[in-house]
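A quick write-up on the structure given underneath.
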Amino acid sequence: MPGSWTADEFPGLTDSSSQITSPATRRYNCIAWAAKDDRRWWWPDPFEIGYWPIPVNNRSVTLAGFVEAFISLGYKLSTGGELEPNTEKIAIYGIDCPGGQATPTHAARQLPSGDWTSKLGSFEDITHTTPEAVNGPIYGHVMAFMSRPRN
Amino acid sequence: METETQPAPAQTPSTALHPALAGPASPARAASSNRQRFQALVKQWQSEKGASSSITEMSMLPAYQKIIGMGEDAIPLILAQLKSEGDEPEQWFWALRSITDANPVKPEDRGDFQAMARAWLIWGDKEGYAG
């Protein structure tokens, strides 16, 4: 696949499991894309460089912090990534850290077709057939699914 | 038998001194060297950050930290880089904040890299870093 990434970064992305849907851009990232914002880079960094939807004093790069951010957008924790009628789902990815902690790395959004859409950092937007297709050394694996009614 | 000691031939300072003892480089040479080093670090950083979405992670990468370590010398280089990137600015904001302690970005513009780049370029003009 002629994307900006390497096969080592995303071993699960193949021609049959994924498709590029937009050119690379630095304007927004995966978290923004999962939240349907294609104008800003979302991240709860301590320097307040990234946009974050909850108050500044609650910014933390933790799974709980990311779940809280998507709760503020109307999502609730969900048990899995199966396609459900009238339901929009997101997946939050992370890397396991020593001591049982997890560092969030990525988010993907389920499309009405059941496929998933991801923005790969400052690389391209893609669709992928399963949430696991972007697992690997960069994003780790899915840590949580969340859902809300689809508009 | 006595050997006659020959006087050492006169040497010019440029060949007689080890570079470490040769004193500071000229400002123009130092600026050119900084520019070359900065450009090499930019390339290295862009390669290192790959598909990362994390502002924290990409700012902690070795090449980015070395740019921060260049201190005030890096400010005009970062601002020129931001300007050259036009509508697709890279995340140079962590470095600028770290080096300068300034924050010219309005809270409502957080995450909007185009607006943030504009704010920093205006700041650079005001502070005399226009290149």
Side-chain angles (χ1 to χ4, degrees), chain A residues 3-6 8-10 13 23-35 37-53 55-56 59-62 66 92-95 103-108 118-126 134 136-140, chain B residues 42-61 63-65 67-68 75 78-79 81-121 123:
Chain A
S4 302
W5 61 91
T6 65
D8 290 346
E9 289 175 307
F10 297 105
L13 290 184
T25 176
R26 300 173 190 138
R27 218 171 47 241
Y28 59 98
N29 67 341
C30 58
I31 312 299
W33 184 240
D37 180 353
D38 62 0
R39 199 178 59 83
R40 291 177 293 196
W41 197 283
W42 290 34
W43 201 259
D45 62 283
F47 268 167
E48 300 168 12
I49 290 160
Y51 170 79
W52 203 240
V56 163
R59 294 164 77 109
S60 74
V61 187
T62 60
F66 276 54
I92 300 174
Y93 298 71
I95 300 231
T103 300
T105 54
H106 179 67
S118 280
K119 171 77 161 66
L120 303 179
S122 56
F123 296 163
E124 294 88 348
D125 296 342
I126 61 165
V134 292
I138 309 297
Y139 294 159
Chain B
V42 169
K43 274 191 180 171
Q44 186 187 334
W45 176 62
Q46 287 172 333
S47 165
E48 285 173 347
K49 75 185 173 75
S52 177
S53 267
S54 167
I55 287 173
T56 321
E57 185 182 85
M58 66 176 72
S59 303
M60 291 298 156
L61 289 168
Y64 199 90
Q65 286 293 305
I67 289 171
I68 292 173
I75 297 172
I78 295 172
L79 293 172
Q81 180 72 21
L82 260 185
K83 200 170 186 176
S84 75
E85 289 165 352
D87 290 342
E88 287 279 328
E90 279 278 17
Q91 192 288 100
W92 294 116
F93 313 112
W94 182 299
L96 286 167
R97 284 206 62 183
S98 295
I99 298 168
T100 67
D101 267 338
N103 185 12
V105 175
K106 294 176 192 165
E108 61 267 30
D109 286 338
R110 284 179 194 142
D112 180 343
F113 284 5
Q114 290 182 4
M116 295 170 80
R118 279 195 298 274
W120 275 105
L121 290 172
W123 174 90

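The chains referred to below are lettered A, B, ... by the order of the sequence lines, with proteins before strands, and numbering in each begins at 1.
Of the two parts of B:Ser54, the backbone and the side chain both hold a non-hydrogen atom closer than 4.5 Å to a non-hydrogen atom of chain A. Interface residue A:Thr105: only backbone heavy atoms are found under 4.5 Å from chain B. In this structure, chain B has heavy atoms under 4.5 Å from both the backbone and the side chain of A:Phe47. With a 4.5 angstrom heavy-atom cutoff, A:Tyr139 touches chain B only via side-chain atoms.
Proximity of A:Trp33 to A:Ser118: side-chain heavy atoms (C-beta onward) are nowhere separated by under 4.5 Å. With contacts defined as side-chain heavy-atom distances shorter than 4.5 Å, the pair B:Asp112/A:Tyr51 does not qualify. A:Ile31 is listed as a side-chain neighbour of A:Trp43, based on a closest heavy-atom distance under 4.5 Å. Side-chain contact between A:Phe10 and A:Leu120: present, with at least one pair of heavy atoms (C-beta onward) separated by less than 4.5 Å. Side-chain contact between A:Val134 and A:Trp5: absent, with no pair of heavy atoms (C-beta onward) separated by less than 4.5 Å. The side-chain heavy atoms of A:Pro44 and A:Phe66, taken from C-beta on, include a pair separated by under 4.5 Å. Side-chain contact check for A:Lys119 versus A:Thr25: some heavy-atom pair is nearer than 4.5 Å.
Minimum interatomic distance between A:Ser4 and A:Glu124 (heavy atoms only, all atoms of both residues): OG-OE2, 2.9 Å.
For the options A:Thr103, A:Asn29, A:Ile49, A:Val61, heavy-atom pairs under 4.5 Å to chain B are most numerous at A:Ile49. Of the listed residues (B:Asp87, B:Asn103, B:Thr56), the one with the most heavy-atom contacts under 4.5 Å to chain A is B:Thr56. Ranked by heavy-atom pairs under 4.5 Å with chain B, the list A:Arg26, A:Arg40, A:Arg27 is led by A:Arg26.
A cation-pi geometry, defined here as NZ or CZ lying under 6.0 Å from the six-membered ring centre and within 45° of its normal, does not hold between B:Lys49 and B:Tyr64.
Close approach to chain A, defined as a heavy atom under 4.5 Å from one of its heavy atoms, is seen in B:Glu88, B:Pro89, B:Glu90, B:Gln91, B:Phe93, B:Trp94, B:Arg97, B:Ser98 of residues 88-98 of chain B, taken by number.
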